[in-house]
Amino acid sequence: MMPAEPGPRSLPEPPPAALCLKLDRDALAANWRALDRLSGAARAGAAVKADGYGLGARRVVEVLAGEGCGDFFVAHWREAAPLLDLIDPARLAVLHGPLNAAEADYAKATGLRPVINSVAQARRWREAGGGLCDLMVDTAMNRLGVGLAELGDEAVQALDIDLLHSHLVSAEQDLPLNALQRERWEEARRALPHCRAAIANSAGIALGADFHGELTRPGLSLYGGVPCAALAPHIRQVARPQAVLIQARDLAAGDCVGYDSIFTAPRAMRIGTIALGYADGYLVCWSECGAMLHQGRRLPVLGRVSMDMTVIDLTAAPDLTEGDWVEVEYALAPAARATGLSQYELLTGLGRRFAR
């Protein structure tokens, strides 16, 4: 008699992650309320593309929908799918539009709102049966959008447009291009029937009522980014990365730390190694300039950041031991100045090893 085949092995749950990306829900909600208020007579929507700028789109949508946000924006169709059970699909627009018939059919089947970006997409949407959509008009970005000279095309004129979009090139700077784009956007508004219009991103909100239309599309500032000084008093930090201390040790004067020995201990000191590195989005540019925080104490990064580990100075917190948690110093505007990374990269580059 043959022995019975072994059944599926029952494995225990893996241990908790050594990294955690804390989403401050109160700060996120407060940021949206502030941006909605600053939008004047317009309402503020929310860009939740790139998995809610790296923080978890489902959690972000749950918070903002609860605050009364009525419009959400993703880039790809696959970003929309996990959100369909949270909100009315008609409130969720896909910025890249229908690139083929299958994507147009998917929009029709789900009720998602496509953003039409070209005459070809306008024709494709009509061939799929048409219906409510958004339209992106290019006013200077030269990235996506129907050109002003194409607004008279039959396929574009036949669209049932909810939101007529454009996108500002340099809203965070006081440039003549802002006024030129606003004029071109207003020209498009006169040329096409539509229900609402939007051109302002986070920084665009601060340009004033002439840029607000009926809806604004904040992204970065929802998540704690400060693209211009005018928004600084209104925005709170939302993303708080945390890491576990996996070892603490004592150095003698003259001992070196990490690859290339770029840090040498000037005296006897205590250091710690945390489970965070460039594979998690904490890039080499943080070497010798970053820090961790613990109960009001600042713990500078020592030496070069490596793939999975970073060494920190425990002089101010000699009580920390293996298994303790520290918070990454990660307020976006000063972090961008310190590293040369954009505030967008700091958010969206945080890796998948963070428990969210």
Side-chain angles (χ1 to χ4, degrees), residues 12-25 27 54-56 223-224 236-343 345-356:
E13 284 294 314
L19 295 169
C20 177
L21 180 54
K22 180 182 176 183
L23 173 75
D24 188 331
R25 292 171 179 259
L55 302 186
Y223 308 105
R236 292 167 49 182
Q237 184 176 349
V238 173
R240 296 185 178 276
Q242 299 173 337
V244 162
L245 186 72
I246 55 177
Q247 190 172 101
R249 65 173 61 212
D250 295 312
L251 296 184
D255 285 346
C256 297
V257 170
Y259 288 119
D260 301 326
S261 302
I262 65 173
F263 176 81
T264 300
R267 63 188 183 282
M269 60 189 300
R270 189 159 178 78
I271 66 169
T273 300
I274 59 172
L276 172 71
Y278 59 76
D280 307 298
Y282 197 71
L283 303 182
V284 174
C285 56
W286 284 109
S287 303
E288 297 283 283
C289 77
M292 304 299 131
L293 306 171
H294 187 269
Q295 296 180 353
R297 299 171 291 186
R298 189 173 187 271
L299 314 174
V301 169
L302 302 177
R304 191 179 301 281
V305 173
S306 54
M307 182 182 290
D308 312 298
M309 292 172 282
T310 296
V311 176
I312 58 175
D313 185 350
L314 296 182
T315 300
D319 54 306
L320 289 183
T321 60
E322 181 179 315
D324 287 337
W325 286 82
V326 295
E327 180 177 320
V328 185
E329 189 176 59
Y330 219 70
L332 294 177
R337 290 192 293 270
T339 62
L341 300 172
S342 74
Q343 296 179 62
E345 291 170 296
L346 287 164
L347 281 172
T348 61
L350 292 169
R352 301 312 308 173
R353 292 194 291 198
F354 282 96
R356 284 165 166 80

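Start at 1 with the first residue, then count along the sequence.
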S.K.: Which atom pair, heavy atoms only, marks the closest approach of Trp286 to Ala335?
M.R.: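 Answer, listing the atom of Trp286 first, then Ala335: CH2-CB, 3.5 Å.
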S.K.: I need the minimum non-hydrogen distance between Asp250 and Arg270, along with the two atoms involved.
M.R.: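 Heavy atoms of Asp250 and Arg270 come nearest at OD1-NH1, 3.0 Å.
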S.K.: Under a 4.5 Å cut-off applied to non-hydrogen side-chain atoms, are His294 and Met292 in contact?
M.R.: no
S.K.: Tell me the closest heavy-atom pair linking Gly277 and Val305, and the distance in Å.
M.R.: CA-CG1, 4.0 Å
S.K.: For residues Tyr282 and Pro241, determine if any side-chain heavy atom of one lies less than 4.5 Å from a side-chain heavy atom of the other.
M.R.: no
S.K.: What distance separates Leu251 CG from Thr264 OG1, expressed to the nearest 0.5 Å?
M.R.: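 Between atom CG of Leu251 and atom OG1 of Thr264 there are 10.0 Å.
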S.K.: Looking at CD1 of Ile274 and CE of Met309, how far apart are the two atoms once the value is rounded to the nearest 0.5 Å?
M.R.: 11.0 Å
S.K.: Which heavy atom of Asp280 sits nearest a heavy atom of Ala275, and at what distance?
M.R.: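 In this case the closest contact between Asp280 and Ala275 is OD2-O, 4.2 Å.
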S.K.: Mind checking whether Phe354 and Leu276 have side chains closer than 4.5 Å, heavy atoms only?
M.R.: yes
S.K.: Are Ile246 and Val244 packed together at the side-chain level, in the sense that at least one heavy-atom pair is separated by less than 4.5 angstrom?
M.R.: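 The answer is yes; the side chains approach within 4.5 Å.
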S.K.: If I compare all heavy atoms of Phe263 with all of Gly303, which pair ends up nearest, and what's the gap?
M.R.: CB-N, 3.6 Å
S.K.: Measure the shortest side-chain to side-chain distance between Gln237 and Asp24 over non-hydrogen atoms and say whether it is less than 4.5 angstrom.
M.R.: no
S.K.: Would you give the length of the straight line joining atom CG of Leu346 to atom OH of Tyr223, rounded to the nearest 0.5 angstrom?
M.R.: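 These two atoms lie 15.5 Å from each other.
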S.K.: Passes side-chain hydrogen bond (donor to acceptor under 3.5 Å, both in side chains), Arg240 versus Gln242? Steps please.
M.R.: CA-CA 6 Å; Arg240 296 185 178 276; Gln242 299 173 337; over 6 Å; no
S.K.: So do Glu345 and Leu283 actually touch side chain to side chain, heavy atoms under 4.5 Å?
M.R.: no
S.K.: Are the side chains of Leu23 and Arg25 in touch, meaning some heavy atoms are under 4.5 Å apart?
M.R.: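 Sidechains of Arg25 and Leu23: in contact.
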S.K.: Roughly how far, to the nearest 0.5 Å, is CZ of Arg298 from OG1 of Thr315?
M.R.: 13.0 Å
S.K.: Please determine if Asp255 and Arg249 form a salt bridge, counting it only when a charged side-chain N lies under 4.0 Å from a carboxylate O.
M.R.: no
S.K.: Could you tell me which non-hydrogen atom of Ala239 sits nearest to which non-hydrogen atom of Leu347, and how far apart they are?
M.R.: CB-CD2, 3.9 Å
S.K.: So how far is it from Cys289 SG to Glu329 CD, rounded to the nearest 0.5 Å?
M.R.: 9.5 Å
S.K.: Hey, are the side chains of Arg304 and Val284 touching, using non-hydrogen atoms and a 4.5 Å cut-off?
M.R.: yes
S.K.: Does the pair Met269 and Val257 meet the rule for a side chain to side chain contact (heavy atoms under 4.5 Å, CB included), with working shown?
M.R.: CA-CA 12 Å; Met269 60 189 300; Val257 170; over 6 Å; no
S.K.: Enter the distance from Leu350:CG to Leu19:CG here, rounded to the nearest 0.5 Å.
M.R.: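 One finds 10.0 Å between CG of Leu350 and CG of Leu19.
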